[in-house]
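Please read the structure below before turning to the comments.
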Amino acid sequence: MEKQNHSVVAEFILLGLTESHELQIFFFYFFSIIYIAILLSNLIIILVVKLDPQLQSPMYFLLVNLSFIDMSLASFATPKMIGDLISENKAISYEGCMAQIFFLHLLGGSEMMLLVAMAIDRLIAICKPLHYKNIMSRRVCIRLALFSWTAGFVHSVSQMVFIVTLPFCGPNVVDSFFCDLPEVIRLACTDTYVLDLLVIAFSGLLSLFCFIFLFISYSIILITVHHHSSSGYSKAMSTLSAHITMVVLFFGPCLFIYIWPFSHVFIDKIISVFYTIFTPLLNPIIYSFRNKDMKKAIIKIKTKNVSSRSAF
């Protein structure tokens with residue numbers, strides 16, 4: 001009886017960022033430092049928010065979720081990439097490749113929706129300040145976080161449906177440092193033109209919809225603040241600039257990857273590095289370490305620890 005599963009590829013070969021041995025050594029140390037910085041900075045945010053009673057607000061609750069997603073987003077492929085830089089064997093199993101694709105879209109989709117949730121939080125805080133605490137209750141915050149993860153899961157499953165049934169019967173070289181869906185689809189032993197269009201439709205349009213929603217939301221916020229108070233406008237701009245900057249940095253690469261009609265391997269790799277490594281590092285810097293309340297909380301916890309040590 002003929003087997004229904006036509007896939008004979010047991011593993012994929014990841015070409016990585018470069019073939020230059022000198023650059024591989026440099027990137028090994030560079031990205032190792034960056035990865036450790038990502039983990040430490042996001043862990044600091046999570047711990048500080050948990051330890052400081054004054055940061056128990058909806059905005060910081062959502063920020064903790066963002067930090068957790070960023071650590072996960074940086075971890076789904078970066079450790080493997082760092083290891084491959086000093087290894088001769090750059091292979092990844094078929095199952096490992098599928099897992100990378102799943103977690104990339106799960107975490108990417110979840111972060112998109114979480115940024116939308118954070119925009120809704122700021123929209124209510126500025127446009128409905130008197131009702132803010134009642135609307136953005138603890139239960140609502142948990143529901144927003146759960147909705148973000150659920151949306152990311154549904155998005156990821158919708159992507160996996162396209163690829164798990166594809167036959168891979170020979171080509172197995174992925175010109176990237178992780179298994180990206182468009183790159184892997186090209187290796188299938190069948191016509192993937194329709195699948196390419198579906199991937200663009202599901203991922204590109206989701207990114208575009210979220211970006212447009214965020215653009216409209218922050219425009220409404222800025223217009224509202226500007227009409228109410230000129231002094232409040234500059235203060236709001238200081239607060240909202242972090243949110244707006246992160247939206248542009250996150251959605252820019254997404255929209256470029258899925259909407260730009262031309263593909264260039266070198267540019268695609270730079271965008272992938274930025275999206276999976278530098279964005280999770282920039283989030284703590286932009287959202288938190290420039291935030292006065294977060295700075296005060298970190299100093300207070302540091303001072304408390306120093307005092308407790310000196311007491312011994």
Side-chain angles (χ1 to χ4, degrees), residues 1-21 23-25 27-28 31-32 35 71-110 152-204 254 257-258 263-273 275-277 280:
M1 192 176 204
E2 188 178 353
K3 291 183 180 180
Q4 296 299 315
N5 186 6
H6 300 286
S7 296
V8 295
V9 172
E11 63 181 19
F12 293 92
I13 306 299
L14 303 175
L15 293 184
L17 294 174
T18 179
E19 295 181 358
S20 169
H21 179 69
L23 282 176
Q24 286 178 352
I25 298 300
F27 284 147
F28 171 77
F31 286 118
S32 295
Y35 181 62
M71 285 194 298
S72 304
L73 186 61
S75 299
F76 89 96
T78 306
K80 166 70 175 167
M81 179 199 73
I82 292 172
D84 286 348
L85 287 169
I86 56 171
S87 174
E88 292 295 329
N89 181 21
K90 303 181 187 302
I92 183 172
S93 67
Y94 175 86
E95 293 76 14
C97 186
M98 295 301 108
Q100 282 194 345
I101 294 172
F102 174 80
F103 283 110
L104 171 63
H105 289 274
L106 168 66
L107 297 167
S110 299
F153 178 78
V154 171
H155 168 66
S156 185
V157 170
S158 70
Q159 300 295 297
M160 294 305 297
V161 168
F162 297 142
I163 196 168
V164 292
T165 56
L166 287 176
F168 296 96
C169 52
N172 68 336
V173 178
V174 180
D175 196 358
S176 184
F177 62 92
F178 69 93
C179 288
D180 196 11
L181 185 58
E183 291 290 332
V184 176
I185 284 180
R186 294 190 187 106
L187 301 177
C189 301
T190 185
D191 183 17
T192 59
Y193 177 75
V194 175
L195 282 179
D196 287 334
L197 292 179
L198 289 173
V199 168
I200 292 173
F202 277 76
S203 295
C254 290
I257 289 172
Y258 289 105
S263 178
H264 191 284
V265 174
F266 178 72
I267 295 176
D268 289 345
K269 286 183 180 181
I270 292 176
I271 293 173
S272 296
V273 168
Y275 179 76
T276 59
I277 300 175

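These numbers come from the heavy atoms of this one structure, side chains and all, not from hydrogens, waters or symmetry mates.
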From [atom1] ([X]) to [atom2] ([Y]), nearest 0.5 Å:
X	Y	atom1	atom2	answer
I185	T190	CD1	OG1	11.5 Å
L187	I13	CG	CD1	11.0 Å
S272	F177	OG	CZ	5.0 Å
F76	C179	CZ	SG	9.5 Å
E95	E11	CD	CD	10.5 Å

Give me the atom names and distance for the closest heavy-atom approach of [X] to [Y].
X	Y	value
S156	I101	OG-O, 4.5 Å
P171	C189	CD-SG, 4.4 Å
M71	S75	O-OG, 2.7 Å

Mind checking whether F168 and F12 have parallel, tilted or perpendicular rings, split at 30° and 60°?
-> perpendicular
Could I get the full list of side-chain hydrogen bond (donor to acceptor under 3.5 Å, both in side chains) partners for T78, not counting sequence neighbours?
-> none
M81 and side-chain contact (heavy atoms from CB on, under 4.5 Å): which partner among F28, F27, F31?
-> F31
side-chain contact (heavy atoms from CB on, under 4.5 Å) test vs L181 passes for just one of L195, L104, I163, namely I163
Main-chain N/O of F102 paired to Q159 side chain as donor or acceptor, under 3.5 Å = no
Starting from the C-alpha separation in whole Å, work towards a yes-or-no answer on side chain to side chain contact (heavy atoms under 4.5 Å, CB included) for T18 and K269.
-> CA-CA 10 Å; T18 179; K269 286 183 180 181; over 6 Å; no
Which salt bridge (charged side-chain N to carboxylate O under 4.0 Å, His left out) pairs, counting each pair once, include a residue from residues 77-88, with sequence neighbours left out?
-> K80-D84
Going through the distances and angles, do V173 and L15 end up as a side chain to side chain contact (heavy atoms under 4.5 Å, CB included)?
-> CA-CA 7 Å; V173 178; L15 293 184; 3.5 Å; yes
